Protein chains: 2
Amino acid sequence: MQTISIGELAELSGVASQAIRYYEKEKLMPAPQRTDANYRRYPVDAVARLQFIVHAKQWGFTLDEIRELLILQDANGDRAQAKRIAEEKLHKIREQIKHLSRVEAVLSRTLIECTGEGPMQEGCPIVEAIADKADERERNH
Amino acid sequence: MQTISIGELAELSGVASQAIRYYEKEKLMPAPQRTDANYRRYPVDAVARLQFIVHAKQWGFTLDEIRELLILQDANGDRAQAKRIAEEKLHKIREQIKHLSRVEAVLSRTLIECTGEGPMQEGCPIVEAIADKADERERNH
DNA sequence: CTTGACCTTAAAGTTGGCTTAAAGGTTATC
DNA sequence: GATAACCTTTAAGCCAACTTTAAGGTCAAG
């Protein structure tokens with residue numbers, strides 16, 4: 001079986017060598033074989049595993065969540081658990097979208113009102129929108 | 001003029017004393033008067049300023065951005081600058097919403113497909129959605 | 001006059017996800 | 001055989017926005 005060095009793996013995956021060692025410490029990457037000189041040698045499919053990590057990060061999964069998913073894969077575990085993790089993530093994402101959408105709505109409305117003229121004192125709509133009973137519009141979080 | 005201690009201010013604003021000292025160090029709160037024993041004494045409207053900070057944080061503004069807004073208010077500065085700060089923030093918020101919406105779309109579609117039955121190996125839709133060319137669907141960020 | 005609740009400062013710790021540095025061992029090339 | 005480009009480990013640093021700890025000084029109550 002062909003193996004590659006950590007530098008080659010870094011090159012192929014686009015993940016820095018030190019980050020790869022960090023993932024090993026954090027149990028996202030399994031500890032690979034070593035040469036006589038104690039150098040890491042990775043199987044080629046380590047590239048796919050790293051890319052899975054990179055992609056999951058782009059999707060907004062944390063390393064903790066990614067580790068959970070990887071453990072399920074490694075253990076050939078129950079798909080229902082993977083579904084649960086994804087459902088929790090989906091819920092969190094929807095909450096974030098809700099929150100941001102409310103902020104977006106008020107902020108864009110405020111910016112339409114705001115001519116951007118005159119001094120700040122007495123009635124800059126932006127400042128007032130923030131200062132004014134923000135908790136009525138924004139109760140969660 | 002009536003003044004209050006840092007503990008009273010913390011009580012009234014819901015912001016911990018140490019956080020208030022931190023805001024002072026970070027130039028979000030002005031350094032208040034001191035008693036002979038070197039205790040801080042705040043004017044009552046310090047409560048409103050702290051609440052402005054709290055609200056702005058709830059809106060997703062960072063302390064750096066809040067400092068900018070406060071400086072404008074303190075200097076009675078140009079409203080156009082406040083508008084620019086808010087516009088930049090709005091842009092960032094819209095980018096975040098876009099990103100999250102794409103993730104939400106794929107993840108919810110995936111979860112509908114996924115029965116949650118069977119083992120992980122060969123074709124768990126969740127794992128495949130993450131592993132599969134995630135960068136084609138998700139180019140930004 | 002002592003207990004305890006408050007206040008002071010500076011410094012270190014927290015979280016997440018790394019990066020950078022320090023101090024060294026190995027391997028490939030000239 | 002020397003130089004450079006790898007590799008190794010551990011430890012420290014970074015970001016934001018604090019919190020916690022340490023080691024004190026002050027003040028009101030009993």
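Letters go in sequence order (proteins before strands), and every chain restarts at 1. A quick note: this is a predicted structure, and the numbers were derived from the prediction, not measured.
Between the CD1 atom of B/Ile6 and the P atom of D/dC27 there is a distance of 16 Å, given to the nearest Å. D/dC18 atom C1' lies 8 Å from atom NZ of B/Lys57, rounded to whole Å. Straight-line distance from the CD atom of A/Glu26 to the P atom of C/dT19: 13 Å, rounded to whole Å. Atom-to-atom, CD of A/Gln33 to P of D/dC7 comes out at 17 Å; the value is rounded to the nearest Å. The distance from atom CG of B/Asn38 to atom P of D/dG24 is 17 Å, rounded to the nearest whole Å. Going from atom CD of B/Glu24 over to atom C1' of C/dT9 covers 12 Å, rounded to whole Å. Rounded to whole Å, atom C1' of D/dA5 lies 14 Å from atom CD of A/Glu11. Summarising the geometry, the separation between OH on A/Tyr22 and P on D/dA12 is reported as 17 Å, rounded to the nearest angstrom.
Counting only heavy atoms from C-beta outward, the side chains of B/Arg21 and B/Arg40 approach each other to under 4.5 Å. The closest side-chain heavy-atom distance from A/Trp59 to A/Lys89 is not below 4.5 Å.
Tracing side-chain contacts under 4.5 Å through hydrophobic residues (I, L, V, M, F, W, Y), one reaches B/Val54 starting from B/Ile85; they form part of the same cluster.
Contact annotation for A/Arg41: no contact, since no heavy-atom pair falls under 4.0 Å across all strands.
Comparing D/dC7, D/dA16, C/dT27 by their closest approach to the side chain of A/Ala37 singles out C/dT27. Listed candidates were D/dA17, C/dC7, C/dT9. Nearest to the side chain of B/Leu63 is D/dA17. Side-chain atoms of B/Arg40 lie closest to C/dT8 of the nucleotides D/dT26, C/dT8, C/dC18. For A/Gln18, counting side-chain heavy atoms from C-beta on, the closest listed nucleotide (C/dT20, D/dA17, C/dC18) is C/dT20.
Taking the nucleotide of DNA chain C with the nearest heavy atom to each of A/Thr35 and A/Ala16, the more 5' of the two is matched to A/Ala16. With DNA chain C read from its 5' end, the first of the two nearest nucleotides for A/Ala19 and B/Glu8 is the one closest to B/Glu8.
Taking 4.0 Å as the cut-off between side-chain N and carboxylate O, A/Glu88 and A/Lys92 do not count as a salt-bridged pair.
A sub-4.0 Å separation between OP1 or OP2 of C/dC7 and a side-chain N or O of B/Ser5 is present. An OP1 or OP2 oxygen of C/dG17 is reached within less than 4.0 angstrom by no side-chain nitrogen or oxygen of A/Tyr23.
For A/Tyr39 against C/dG25, a side-chain N or O and a base N or O form a donor-acceptor pair under 3.5 Å.
For B/Leu72 against B/Ala82, the heavy-atom pair with the smallest separation is CD1-N, 3.4 Å.
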